[in-house]
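Indexing begins at 1, ligand by ligand and atom by atom, following the structure's order. Every value quoted in this text rests on a predicted model; they were computed, and no experiment measured them.
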Amino acid sequence: MSKRILVTGGAGFLGSHLCERLLVDNDVICLDNFFTGRRENIEHLLDNHRFELVRHDICERVVLEVDEVFHLACPASPVHYQRNPVRTIRTCVQGTLNVLDLAREVHAKVLIASTSEVYGDPLIHPQVESYWGNVNPIGIRACYDEGKRCAEALAVSYARQYGVQVRIARIFNTYGPRMHENDGRVVSNFIVQCLRNEAITMFGDGKQTRSFCYVDDLIEGFRRLMASDEQEPVNLGNPGEFTMLELAEKVRTLTGSRSEIVHKPLPQDDPIRRRPDITRAIERLGWKPTVALEQGLVRTIDEFRTRIERQSASPRG
Ligand code: NAD
Ligand code: UDP
């Protein structure tokens with residue numbers, strides 16, 4: 001049945017893909033303050049009569065008659081979330097409170113976009129949902145990872161006390177078309193650097209690992225989690241694990257680039273390794289990723305190449 005669905009952060013990377021997918025059989029309200037989001041991401045949806053764009057900061061209260069809320073509003077790249085840490089933690093805490101108040105008022109179901117960062121620099125590997133994490137509460141990532149931990153705590157408190165229906169997605173590194181060229185996360189950085197034949201910025205020795213999920217897989221995970229009765233947090237990510245050196249090599253090969261690797265200092269509290277245990281998602285949602293890293297990189301590189309060529313051809317470029 002068709003629903004009215006609110007996507008906060010809908011003009012961002014994940015949000016824009018989610019809006020597009022949900023519009024196939026629903027009415028969608030995209031709410032965004034354009035902190036890291038872009039109008040270009042949703043421009044192709046503006047003519048759809050089932051799509052509505054609301055420019056709003058989620059730190060301010062909002063009431064909209066909706067059936068479901070996907071709460072994604074929050075900068076996700078360390079570069080952006082550390083630029084204004086107070087704003088980041090306020091978005092995580094006040095923004096989530098406002099979303100939960102809205103859900104309580106209109107009896108909407110809420111999916112909170114949490115993160116693998118709640119596990120911090122994990123002492124167990126791979127990470128299962130029952131692990132409570134190893135997080136530095138005063139480090140440079142705290143505005144984000146502690147903010148997201150608080151968002152989870154708020155969500156379960158509203159569920160316990162007010163019976164609000166909440167779903168918690170712990171998202172692991174996700175990449176794909178439409179990431180901002182200046183997003184600052186590793187996949188987009190390496191792709192842009194390779195396409196421009198600029199130095200590949202490798203933080204530390206490059207032996208730290210991450211697990212990269214292609215955006216379409218993640219969006220399907222979101223939809224299944226929202227539709228489920230799952231009360232507990234669920235890891236959504238691709239369990240394939242790669243070092244940053246391996247990632248750089250793949251991107252260099254797939255782009256045919258001449259870029260050299262240049263090492264830069266490893267940022268404080270940068271997790272050494274990360275890989276999701278997705279048993280819960282497989283068993284309870286019947287979900288697992290289907291797009292292998294190279295396959296997803298090819299699609300992402302194609303889109304970045306087109307975008308970068310278009311920009312350099314335009315008079316403003
Ligand atoms: P993004 O930066 O591309 O998108 C975030 C969107 O939220 C942007 O459009 C931004 O303008 C908007 N926003 C930020 N603060 C806001 C506010 N106060 N009010 C209204 N809108 C606001 O990032 P993304 O990768 O699309 O991430 C979306 C969500 O998923 C975030 O909550 C992030 O923490 C979570 N997440 C993403 C990943 C990933 O790998 N992409 C991993 C873990 C968690
Ligand atoms: N990284 C890197 N070069 C870059 C950007 C990131 O080597 O230009 C590293 C970063 O230090 C981290 C990994 O890549 O170890 C993933 O970084 P990202 O910012 O994408 O995500 P997160 O650290 O939040 O997982």
*State if Tyr175 counts as touching ligand 1 under the rule of any non-hydrogen atom under 4.0 Å.*
no
*Sub-4.0 Å heavy-atom contact, Thr8 with ligand 1*: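 Checking ligand 1 against Thr8, which is what was asked, there is no heavy-atom contact under 4.0 Å.
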Pairing donors with acceptors under 3.5 angstrom, does anything connect the side chains of [X] and [Y]?
| X | Y | answer |
| --- | --- | --- |
| Ser257 | Arg196 | no |
| Asp269 | Asn136 | yes |
| Glu241 | Thr209 | yes |
| Thr290 | Asp217 | yes |

For ligand 2 and [X], I'd like to know whether there is a polar contact (N/O to N/O, distance under 3.5 Å).
| X | value |
| --- | --- |
| Arg141 | yes |
| Asp270 | yes |
| Pro78 | no |
| Phe203 | yes |

Ligand 2 versus [X]: contacting region, heavy-atom distance under 4.0 Å:
| X | result |
| --- | --- |
| His263 | neither |
| Lys264 | neither |
| Asn189 | side chain |
| Val79 | neither |
| Gln208 | side chain |

*Enumerate the atoms of ligand 1 whose separation from the nearest heavy atom of Thr115 is less than 4.0 angstrom.*
43 (C), 44 (C)
*Quick one: which ligand 1 atoms are inside 4.0 Å of a heavy atom on Thr91?*
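Under 4.0 Å from Thr91, ligand 1 has these atoms: 15 (N), 18 (N).
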*Give a yes or no on whether a salt bridge exists between Glu105 and Arg61, defined as a side-chain N under 4.0 angstrom from a carboxylate O.*
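Result for this pair is yes, salt bridge flagged.
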*Using 4.0 Å as the upper bound for N to carboxylate O, is an ion pair formed by Asp25 and Lys3?*
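Not counted as a salt bridge, because no side-chain N and carboxylate O are separated by less than 4.0 Å.
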*Numbered atoms and elements of ligand 2 in range of Asn173, under 4.0 angstrom, heavy atoms*: 21 (O), 22 (P), 25 (O)
*Go through ligand 2 atom by atom and flag the ones less than 4.0 Å from a non-hydrogen atom of Arg274.*
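It comes down to these atoms of ligand 2: 22 (P), 25 (O).
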Considering only the protein, which heavy-atom contact is closest to [atom], and what is its distance?
| atom | value |
| --- | --- |
| atom 13 (C) of ligand 2 | Met244 SD, 3.7 Å |
| atom 11 (O) of ligand 1 | Asp32 OD1, 2.6 Å |
| atom 3 (N) of ligand 2 | Thr201 O, 2.6 Å |

_Check this for me - ligand 1, Ile58, N or O atoms closer than 3.5 angstrom, yes or no?_
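Min N/O separation from ligand 1 is below 3.5 Å for Ile58.
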*Single-linkage hydrophobic cluster, 4.5 Å side-chain cutoff, Val156 and Trp132 together*: no
